[in-house]
Number of protein chains: 2
Amino acid sequence: MPEDGYTVGGLARLAGVTVRTLHHYDDVGLLVPSRRTATGYRLYDAADADRLTRILYYRDLGFGLDDVAALLDGDTDPADHLRTQHRLLTERRDRVQELVTAIERELEAHMSGIRLTPEEQLEIFGERWDPAYRTEAEERWGDTDAWAQSQERTRSWTKADWEQVKERTDAMDELLAEAFVAGVQPGSVRADELAEAHRAELNRFYDADHAMHRGVVGFTTGDERFRARYESLAPGLSDWLRAVVEANADRHA
Amino acid sequence: MPEDGYTVGGLARLAGVTVRTLHHYDDVGLLVPSRRTATGYRLYDAADADRLTRILYYRDLGFGLDDVAALLDGDTDPADHLRTQHRLLTERRDRVQELVTAIERELEAHMSGIRLTPEEQLEIFGERWDPAYRTEAEERWGDTDAWAQSQERTRSWTKADWEQVKERTDAMDELLAEAFVAGVQPGSVRADELAEAHRAELNRFYDADHAMHRGVVGFTTGDERFRARYESLAPGLSDWLRAVVEANADRHA
DNA sequence: GGTTGACCCTCACGCGACGTGAGGCCTCAC
DNA sequence: GTGAGGCCTCACGTCGCGTGAGGGTCAACC
């Protein structure tokens with residue numbers, strides 16, 4: 001900290017804002033520098049910088065400048081602002097996590113070849129947002145952060161890679177349909193081979209052990225539209241796939 | 001979904017936006033409803049709703065409407081948008097987590113009676129932000145989410161509660177200073193009693209086992225300003241406190 | 001002590017993303 | 001057929017700055 005306080009430019013650089021922004025905050029009385037030089041230069045001291053810090057957090061949280069002014073000029077103890085901002089920021093982080101989960105749900109649907117209804121897609125932006133959804137991904141995926149793994153592994157994938165995966169998935173589905181039609185029984189050697197092949201496909205994205213494999217397939221075959229996709233390949237396929245995967249998982253338990 | 005598509009109001013309610021917003025998106029060509037009734041009513045179909053979903057995510061991420069239009073009208077495959085939005089949202093979530101960590105750092109400093117410099121406070125908003133900071137809290141606090149615990153426990157605290165804690169902390173510090181001046185040796189019975197009392201204070205906020213106690217004290221007594229606070233009570237107190245806590249932690253290892 | 005370049009000042013207009021009516025038509029249930 | 005609620009199109013207002021314009025200041029170096 002310079003001995004006589006910060007100039008506009010100096011403080012602006014520190015805070016990652018423009019000089020114009022500090023001018024504006026001065027104009028509207030939100031952050032008036034505690035001193036000016038004889039020639040009219042603004043000088044900000046440590047208390048000004050502290051106030052600016054609070055302002056920037058509240059602004060980031062979406063408060064209007066007059067709301068921020070009202071908050072900061074209220075008779076609250078400084079630590080109250082820290083606690084308030086901590087609470088609001090954690091809420092915001094959780095909200096963003098919900099958006100992430102919602103996107104994962106869409107991606108999952110897309111990769112499974114099913115379409116979400118507009119209601120499902122827009123649910124998260126709607127008014128009464130059910131917090132039960134918040135934990136849905138956890139329940140579905142178990143403890144591990146499968147999606148983080150998936151994202152990590154597919155970060156550098158090109159469109160061609162994705163298309164290849166889609167092709168392989170389609171091929172896998174056909175293989176399953178053929179086996180089902182041919183009368184392969186869940187628990188048989190051939191069925192277990194197919195279950196492992198199916199699990200191997202999932203492992204392109206994340207580490208799926210047998211318990212997780214059971215969970216994922218249980219979830220997807222419970223979805224009407226996913227069932228529709230499998231049923232269109234061969235009626236009864238989705239229930240059969242579930243049975244195959246469960247028998248295989250039991251054998252590895 | 002209504003058979004003939006959504007009206008403005010219907011879609012607006014679903015998406016948690018105002019009718020005016022949809023009108024605006026129509027005006028600027030960002031989201032033009034696929035149909036109109038004979039009397040001029042806007043009708044949005046599922047594809048429109050899907051486009052709106054993408055728009056809302058991008059908008060939430062801070063893109064301008066024309067940027068969003070450019071993105072959506074580019075020749076990208078739909079899944080690319082999902083992947084892009086997933087990546088941007090996780091980055092955003094991590095950024096908010098950094099803000100949370102920064103506030104925790106401020107709270108911690110405040111409760112320890114030390115003041116951060118403006119540089120330290122504003123660092124997170126500055127230009128070149130060191131991602132090493134991102135993991136600082138983890139290293140300091142270990143595996144457990146101590147701050148979440150702390151927040152949980154202190155959620156309903158009143159200002160009086162906080163003042164009481166401050167008083168108790170000050171009293172604790174004086175007790176420590178007296179023992180130090182009286183020549184109490186680290187590792188002695190009395191010193192271990194004091195270490196446990198100090199740990200008990202921390203337990204008002206979160207579960208601190210002996211390893212964590214060692215970590216927290218090691219960190220704080222490494223900070224110049226924290227040392228200054230302790231040194232002003234009694235020269236040598238901070239190093240002594242660290243020795244006392246480490247001896248106690250060793251004995252419980 | 002003059003010049004140069006980076007800073008600082010005060011107007012003042014512009015803009016993006018809607019908010020907020022105004023004035024009027026449509027639809028549907030009673 | 002009538003009232004309530006929803007829809008339409010203007011059109012001006014607002015908020016948080018961006019972006020110059022025109023001009024003074026400061027520190028350094030010639």
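What you see is a predicted model; the values in this text were computed from it and never measured.
In the region residues 58-65 of chain A, proximity to DNA chain D at under 4.0 angstrom, judged on heavy atoms, holds for A:Arg59, A:Gly64, A:Leu65. Taking a 4.0 Å limit (strictly below) on heavy-atom distances, residues 23-32 of chain A reaches DNA chain C at A:His23.
To the nearest 0.5 angstrom, A:Leu82 atom CG is 13.0 Å from A:Arg87 atom CZ. One distance of note links CG of A:Asp26 with CG of A:Leu22; it measures 9.0 Å at 0.5 Å rounding. Note that CG of B:Leu11 is 8.0 Å distant from OG1 of B:Thr7, once rounded to the nearest 0.5 Å. A distance of 10.0 Å separates CG of A:Leu99 from CD of B:Gln85, quoted to the nearest 0.5 Å. The CG atom of B:Leu31 lies 4.5 Å from the CD1 atom of B:Ile55; values are rounded to the nearest 0.5 Å. Rounded to the nearest 0.5 angstrom, B:Glu123 CD and A:Leu14 CG are separated by 10.0 Å.
Proximity of A:Thr39 to the phosphate of D:dC26: a side-chain N or O atom is located under 4.0 Å from OP1 or OP2. Between A:Thr18 and the phosphate of D:dC17, there is no side-chain N or O to OP1/OP2 separation shorter than 4.0 Å. B:Arg42 has a side-chain polar atom (N or O) that falls below the 4.0 Å cut-off from OP1 or OP2 of D:dC8. Considering only side-chain N and O atoms, A:Thr7 lies under 4.0 angstrom from the phosphate OP1 or OP2 of C:dC8.
For B:Arg36 and C:dC26, the CZ to C1' distance is 14 Å, given to the nearest whole Å. If you take OH of A:Tyr44 and C1' of C:dC8, they are 12 Å apart, rounded to a whole angstrom. Atom P of nucleotide C:dT27 and atom CG of B:Leu43 are separated by 11 Å, given to the nearest angstrom. Across the protein-nucleic acid pair, B:Leu22 atom CG and C:dG19 atom P stand 10 Å apart, rounded to whole Å.
For A:Tyr41, taking side-chain heavy atoms from C-beta onward, the closest of the listed nucleotides D:dT25, D:dG18, C:dG19 is D:dT25. Looking at the side chain of B:Arg20, the nearest of the listed nucleotides C:dC26, C:dG19, C:dA12 is C:dG19.
At least one donor-acceptor pair under 3.5 Å links the side chain of B:Arg51 to the backbone N or O of B:Leu30.
By the ring pair (Phe, Tyr, Trp, His ring centres under 6.0 Å) test, B:Tyr58 is found to be paired with B:Phe63, B:His81, residues two or more places apart in sequence or in another chain being considered.
Side-chain contact check for B:Arg42 and B:His23: at least one donor-acceptor pair (N or O, by modelled atom type) lies under 3.5 Å.
Both B:Thr37 and B:Asp66 lie near DNA chain C, and the one whose nearest nucleotide falls closer to the 5' end is B:Asp66.
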